[in-house]
Amino acid sequence: MRGTRRLAWAAVAVCAFIGAIAPAAGAREATAPPTLTWTPCGTAPNVTCATATVPLDYDKPQGQTIKLHLAKSPAIDQEHKIGSLFINFGGPGGTAADRFERLGQTYRPGLNQRFDIIAMDPRGVGQSSPAIDCKANQKTQGIYSQPITTPDNLDVKALIAKDQGYIKRCIQLNDGILAHVSTANVARDIDLLRQSLGEQKITYFGYSYGTFLGATYASMFPTHYRAMVLDGPVDADAYINDPMRGLSAQTSGFERALGRFMQACAADRNACSDFPKSGSDPWDAYDALIDQLNATPLPVGDDTLDGDDVTTGTAAALYSKANWPLLAKAMADAENGDGSLMKSLSDSFYGDNGDGTFDPGGDRYFTIGATEQKYPRDVRTYLSAGQRSWDQHEHFWWNNGYAELNYGLYPIHDRDAFDGPFKVSSSAVTPLVIGTTYDPATPYRGAKNLVRTLGNARLLTMRGDGHTAYNASNSPTCINPAVEAYVNDATLPAPGTQCRQVVGFTRLPTVQALAVPQITKLRPHVAPF
C-alpha cells in the first residue's frame, strides 16, 4: 500500500504547499545538466552505474548539491534502440538501481529489448547521497509500531509523545535533505537527466507510488516523454491533497483482498494447507486465531507471535497472489502451534533485518510522504479517524487514523512540491494506466479516478488479485504484450481492454524451502516482484 506503504520495502504502500500550473512547474532557473560517467557495477553482465550531481534546491541551482545513483541496463538490441526508459518500482523510499545491478537484462527483457533501462535511486533513497535513515526500531518507534493503537488501549499523551520522539529522531539524523525530497523534485531530477542523456523525450514506467511520480512528471513536463506506463496506479489527487481519503480506500482494499483469499481457502482447503484444521469457515478460524494469540502470545524463539503480528504479516503477503500459499501455510502452522513463518512475514513487513537493525525504507516512506502530503494539523481529526477505522475495518484498521497522526505532527514541508492539477492535454502522449480489479494496495477505483483526472489516459484492466500487473506471470498472453506494444511501438490497447490473471492458488510443495521473500509493507508503494 502507499504506494504503495514496508516494512520490507522492496519486493516487495500525507501544511501549506506551493502549486503551479503545469508548464511553469518545470520552468525554473536554468540548471546545467550533470555529466554522467558510466562504469561497470553490480553482478549482472553489462550493467553500468553513474553518479549524477544535482541541486539540493532547484530554487538555488548554484547552491548545495546532492548525488543520485543510477544503474543502466543497456538495450539488448542496440541496433534498433529507441532510447532510454526510466523505471521506478514505488515508494516513496523504494530503491530501483539494486535490481538491475543484480539482474540486468534478465529482469525486464520485454522492456530492455530496445531501451536502455535506467533505474534511479531517488533523492534521499538507497545509494543516492545523502540517504535518509532515522535508525529507528520500526516495531517500537515507527508509524505502525506495536502494540498497535486501538480505542481500547489508546493513551493520547503517550501516542503523541511516541510520534514526536520518532519525528525528532528523524530530523536530528537527516536535517538538510528532508525539506527537498518531494516527488516534484524527483521529477525535476529525471528531466535534468534526460538532458544529460541528450534525449528530447524519455519513456517512463512507474509502479505503485511510481505512478504518482509519473503523473507528476507528465503534468510538469508534458512534452518530454514519448510513452508512459502507470501500473498499480495511485489516485494522484487524493494521494497528495486528501491522503486520509486515499488511505481509507486502501484499507478497504486490503479487507477485500483478505476476503478473496478466505473465499479461495473455503473452496480448496487442500491448497490452503488444510486451514482451518476443523470446520469449513477459514475467516472465523483466522479471527479466532488472532483472539487466541492476543490473549496468549505464541513463543517463537526469543520472541512471541501475537495478533498484531498476524495482521501485519498477512498484509505483507497479500501484495502478491503468488504469496497466497505461503500465507496459508503460515496460518495453518500458527493454528498448530508453530508461529515462526507468520512471524517471519511480520518481520518482513517491518523491515526487520534480524540483527537489531531495520531497513531504512520505513523511515524514507514516512519522511518523503510527510514532506508533501496535505494532512490536517489538529490531533482530534486523527483520533476521530482512528475510531472510525476501527469501527469500519476489522483487520487493517491500523493503516489509517491513529498512525496518520505522525503526518499531522511532522513540521517539515517542501515548498517546491507539486499538488496539481494532474492533467494531460489532448495534444500530449496518452499514458497507459493499468489497474487490477482486486489490488489491495492501490484499489481499482483509484485507477479509474486517475484516468478521469488526467483526462487523456487509456485504462488497461487486469481482472485478478495482488498489487500491479506487468510481470512474467500475471497475464503473459494479454497484459505483457499490450504493455510492450505500447512501449515499443506506441500502440495503445483498444479502449475497454480487459485481461484475466493466470496466477493460481495451489498448496506449497512439502519439500520446498520456505524462504520468506522481501514483501512490501501495507502501502501502495512498491511492486511486489
Side-chain angles (χ1 to χ4, degrees), residues 9-10 28 30-75 83-105 107-108 112 115-133 173-199 202-206 210 213 217 221 224 359-361 363-364 367-368 414 416:
W9 302 91
R28 294 171 175 258
T31 303
T35 299
L36 301 178
T37 302
W38 299 94
T39 58
C41 63
T43 57
N46 302 320
V47 175
T48 57
C49 290
T51 298
T53 301
V54 301
L56 171 68
D57 185 348
Y58 277 93
D59 293 327
K60 302 175 182 177
Q62 308 307 318
Q64 188 175 349
T65 60
I66 58 174
K67 297 184 182 300
L68 304 177
H69 178 73
L70 315 173
K72 179 171 68 174
S73 181
S84 296
L85 183 153
F86 281 76
I87 194 165
N88 181 284
F89 295 107
T95 59
D98 50 352
R99 301 193 189 194
F100 284 93
E101 289 179 34
R102 186 175 70 255
L103 300 171
Q105 293 173 336
Y107 188 52
R108 287 289 184 267
N112 218 164
F115 290 91
D116 291 341
I117 295 183
I118 297 179
M120 178 183 77
D121 285 349
R123 52 175 57 209
V125 172
Q127 298 175 70
S128 293
S129 177
I132 298 167
D133 189 350
L173 294 176
N174 302 281
D175 195 21
I177 183 68
L178 296 179
H180 303 285
V181 290
S182 66
T183 302
N185 275 334
V186 179
R188 294 180 181 105
D189 292 337
I190 291 176
D191 202 61
L192 201 60
L193 294 171
R194 174 193 62 79
Q195 298 172 53
S196 296
L197 295 167
E199 299 189 11
I202 61 165
T203 298
Y204 178 84
F205 199 124
L213 173 57
Y217 187 85
F221 304 101
H224 293 179
D359 188 287
D363 301 326
R364 295 163 185 169
T367 54
I368 295 172
D414 190 338
D416 294 325

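One is the number of the first residue; the rest follow in order along the sequence.
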Checklist line | By ring-ring contact (aromatic ring centres under 6.0 Å, His included) - contacts of F86 (at least two apart) | finding: none
Note to self: Can you give me the closest heavy-atom contact between A131 and G126, atom names plus distance?
What the structure shows: CB-O, 3.6 Å
Notebook entry, point to check: Closest heavy-atom contact between A97 and H69?
Noted result: CB-CD2, 3.5 Å
Check: Roughly how far, to the nearest 0.5 Å, is the NE2 atom of H180 from the CG atom of L56?
Finding: 4.0 Å
Output a table of donor-acceptor pairs, distance under 3.5 Å, between side-chain atoms of residues 37-51 and any protein atom two or more places apart or on a different chain; print 'none' if there are none.
none

Next item on the list: Nearest 0.5 Å please: distance from the CZ atom of R364 over to the OG1 atom of T95.
Entry: 8.0 Å
Checklist line | Contacts of type side-chain hydrogen bond (donor to acceptor under 3.5 Å, both in side chains), residue D116, not counting sequence neighbours | finding: Q78, K81
Item checked: Point-to-point distance, once rounded to the nearest 0.5 Å, from CG of D121 to CG of L68 -> 9.0 Å
Next item on the list: Only counting residues at least two apart or in another chain, list the ones meeting side-chain hydrogen bond (donor to acceptor under 3.5 Å, both in side chains) with D191.
Entry: R194, Y217, H224
Item checked: N/O donor-acceptor pair under 3.5 Å between S128 side chain and G124 backbone -> no
Item checked: Of D416, D414, D57, the residue whose pairing with N185 passes side-chain hydrogen bond (donor to acceptor under 3.5 Å, both in side chains) -> D414
Check: Quick one: are I66 and P130 in side-chain contact, heavy atoms under 4.5 Å?
Finding: yes
Checklist line | Euclidean distance, N174 CG relative to I132 CD1, rounded to 0.5 Å | finding: 6.0 Å
Checklist line | Shortest non-hydrogen contact between V181 and I368, atoms and distance | finding: O-CG2, 3.4 Å
Margin query: So which atom in S196 and which in P33 form the shortest heavy-atom distance, rounded to 0.1 Å?
Written below: OG-CB, 3.4 Å
Next item on the list: Tell me, please, which residues at least two apart from T203 pass side-chain hydrogen bond (donor to acceptor under 3.5 Å, both in side chains).
Entry: R226
Note to self: Run the side-chain hydrogen bond (donor to acceptor under 3.5 Å, both in side chains) test against T53 and tell me which residues pass, sequence neighbours left out.
What the structure shows: K67
Notebook entry, point to check: Does E199 use its side chain to pair, donor to acceptor, with the backbone of S84 at less than 3.5 Å?
Noted result: yes
Next item on the list: Evaluate the side-chain proximity of L85 to F205: yes if any heavy-atom separation is below 4.5 Å, no if none is.
Entry: yes
Margin query: So which atom in L70 and which in A52 form the shortest heavy-atom distance, rounded to 0.1 Å?
Written below: CD1-CB, 4.4 Å
Item checked: Rounded distance (nearest 0.5 Å) linking atom OG of S129 with atom CZ of R123 -> 12.0 Å
Next item on the list: Quick one: sort the F89 and F100 rings into parallel, tilted or perpendicular, breaks at 30° and 60°.
Entry: parallel
Margin query: Any non-hydrogen side-chain atom of L213 less than 4.5 Å from a side-chain atom of I190?
Written below: yes
Note to self: With a 4.5 Å cut-off on side-chain heavy atoms, are V54 and T65 touching?
What the structure shows: no
Item checked: Non-hydrogen atoms of P34 and L193 that approach each other most closely -> CG-CD2, 4.1 Å
Notebook entry, point to check: Have Y58 and R188 got a donor and an acceptor in their side chains that come within less than 3.5 Å?
Noted result: no
Note to self: Measuring from atom CD of Q195 to atom CD1 of I202, what distance do you get when rounded to the nearest 0.5 angstrom?
What the structure shows: 11.0 Å
